[in-house]
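Below is one structure; the comments refer to it alone.
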Amino acid sequence: MKPVLLTTLTRPDSGEAEPLPLQIRRDLLAAIREGKLIHGAKLPSSRAAAEVLQVSRTTINTAYDLLRAEGVLTVRPGAAPAVVAPANPRRPKMTTRLPLSDRGGRLSTDLRRSGDSRKKGVMSPGIPDEALFPRSEWATALRRVSRRLQGGMSGYDMHYGLPELRQILAERLTADRGLRADPERILVTCGTQASLAMLAQVMADPGDIAAMEDPGYLGARAAFSGAGLAIAPVPVDDEGICAELIPDAARIVYVTPSNQYPLGIRMSLQRRMTLLERARRHNTLIIEDDYDSEFHWRGREIAALAGYGSGEVAYLGSAAKVLMPALRIAWLLLPDWLVEPARMAQRNLGILANIHAQAALADLMRTGRYRAHLRRISRAYEERGHALAEALCSIPGLTIRPPDGGVQLALQFHEKRDEAAILAALAAGGFHPAPLSPCSSTGQTGFIVGFANATPDRIARFREILNRETGAARRACGS
């Protein structure tokens, strides 16, 4: 263990009335009481301590002898003096609590669960099955790319994304999502949440309006609220967001047209055209979160909204569901006019992605392993999603939309129910779906249930608990 730096703990002053050895003893005793010096910490030798504190060795030896006499220091020939600290040192507490800024208050508010840190796990929405992560392929790619020298990219050159990843992303977005994707318009970030927060700050001032789907994604609400924006909830019907109800003054409109979160609706082509026309007319930026677009199982796939736009759409995607959220890789495809401001904002905010993770993802995509993995997990998720919907559809009092894609489905109660009580029963059984009500401004109750890790046994047990608890709730309400 390296000896502590004494100048951070004591600064003896010959101008004080108290002798220098007693000053050092006093300061080191205080450091032990406050937990700054832990049990077993090494102090420098008397020679080294005298040099750094600019006092005599006699002064140091006297201070060390006083501490040894009090039983808080062991001094043995040839060994560094070691601290003997009590098991639970007293740490001083601040007598005042510094106030957060208005922005700090907004950013530290948990809008996802109204302050309740809900546990995530089995049947949680938005979480892929970790067991399906391509561990061998990822490890191989990571080993291969980590051996390369990256030059300026190992620092801050092209902080907006590895060129090879932006190139392969442009090719995939063009081929798979019908976009006119230029690598120079792509930014790679550390997550969709970071992308949303950055766009909110770049495109709107505190007090400006951000419109979003209702019910809608709480991550977007957190990003817009953190930026000080006024959130305008806009209802969703069977065709997607009701574009005609978006406030004219909205600076931003956030939508999930491919697989609306949390209801799973796919926005119709006509509604997309209406939304784009409205954005052009009112100079509004549409933020298209292409949520779960990788997983489509029914009906004709519609190109991404940005593919029909002409500069009014910022497109967001990520590797969170195909691989895992913890890799922290996402991307934006931006209109030409927004690229340079966003690049600079990204650098200033420090929302940069790990270079080796970027290179490994590019490697998987270039070699075809990413697409093969996607096909494999898409089949698994389709089977699990339909099995879950089929198992739950017979429970009275619930509306369930069979999933057309994605990794979660929404359960809506016909009448308002106590979500907390049912969630507690499900949690006791090991299940952690999300409540629907925090996503809705109208108080709609229900659950958002993930099915990525929904095995047959889990589905059966989940249904048993849910059916029992909703039945008890119905009986209690006399319905």
Keeping the roles fixed (side chain from [X], backbone from [Y]), state whether a donor-acceptor pair exists under 3.5 Å.
X: Ser124; Y: Ile127; result: no
X: Ser440; Y: Ser437; result: no
X: Thr284; Y: Ala250; result: yes
X: His373; Y: Val322; result: yes
X: Glu288; Y: Ala306; result: yes
X: Ser146; Y: Leu142; result: yes
X: Arg166; Y: Pro183; result: yes
X: Glu419; Y: Gly446; result: yes
X: Gln358; Y: Ala353; result: yes
X: Asn259; Y: Ser293; result: no

Tell me whether the count of non-hydrogen atoms from other residues, nucleotides or ligands lying under 6.0 Å of [atom1] in [X] goes above 12.
X: Arg103; atom1: CZ; result: no
X: Gln54; atom1: CD; result: no
X: Glu18; atom1: CD; result: yes
X: Glu70; atom1: CD; result: yes

Distance-only criterion, 3.5 Å: show the donor-acceptor pairs between side-chain atoms of residues 156-165 and protein atoms not counting sequence neighbours.
residue, atom, partner, partner atom, Å
His159, NE2, Arg343, O, 2.8
Glu164, OE1, Arg148, NH1, 3.3

Between Ala314 and Pro335 the two heavy atoms that sit nearest each other are CA-CD, 4.3 Å
Looking only at side chains, do Asp289 and Tyr217 share a donor and an acceptor under 3.5 Å apart?
no
Any side-chain donor near an acceptor of the partner, Ser56 and Thr59, under 3.5 Å
yes
Run the side-chain donor-acceptor check on residues 221-231: report pairs under 3.5 Å with partners two or more places apart or on a different chain.
residue, atom, partner, partner atom, Å
Arg221, NH1, Pro438, O, 2.8
Arg221, NH2, Cys439, O, 3.4

Do any pairs count as a side-chain hydrogen bond (donor to acceptor under 3.5 Å, both in side chains) and have a residue in residues 204-213, sequence neighbours left out, and if so which ones?
Glu213-Thr256, Glu213-Gln260
Pairs satisfying side-chain hydrogen bond (donor to acceptor under 3.5 Å, both in side chains), at least one member in residues 455-465, at least two apart
Ser394-Arg463, Arg461-Glu464
Residues 7-15 side chain polar contacts: donor-acceptor under 3.5 Å, at least two apart:
residue, atom, partner, partner atom, Å
Thr8, OG1, Leu5, O, 2.7
Thr10, OG1, Asp27, OD2, 2.7
Asp13, OD1, Gly15, N, 2.9

What's the verdict on salt bridge (Lys or Arg N to Asp or Glu O under 4.0 Å) for Asp182 and Arg185, showing C-alpha distance, side-chain angles and the deciding distance?
CA-CA 5 Å; Asp182 178 350; Arg185 293 197 291 119; 5.0 Å; no
Assess whether salt bridge (Lys or Arg N to Asp or Glu O under 4.0 Å) is satisfied between Glu51 and Arg57, documenting all intermediate values.
CA-CA 8 Å; Glu51 183 177 345; Arg57 289 186 66 187; over 6 Å; no
Under the ring-ring contact (aromatic ring centres under 6.0 Å, His included) rule, collect the residues that match up with Tyr370, sequence neighbours excluded.
none
Do Phe431 and Val449 make a side-chain contact, defined as non-hydrogen atoms from C-beta onward lying under 4.5 Å apart?
no
Cation-aromatic face contact Lys321/Tyr381, 6.0 Å, 45 degrees
no
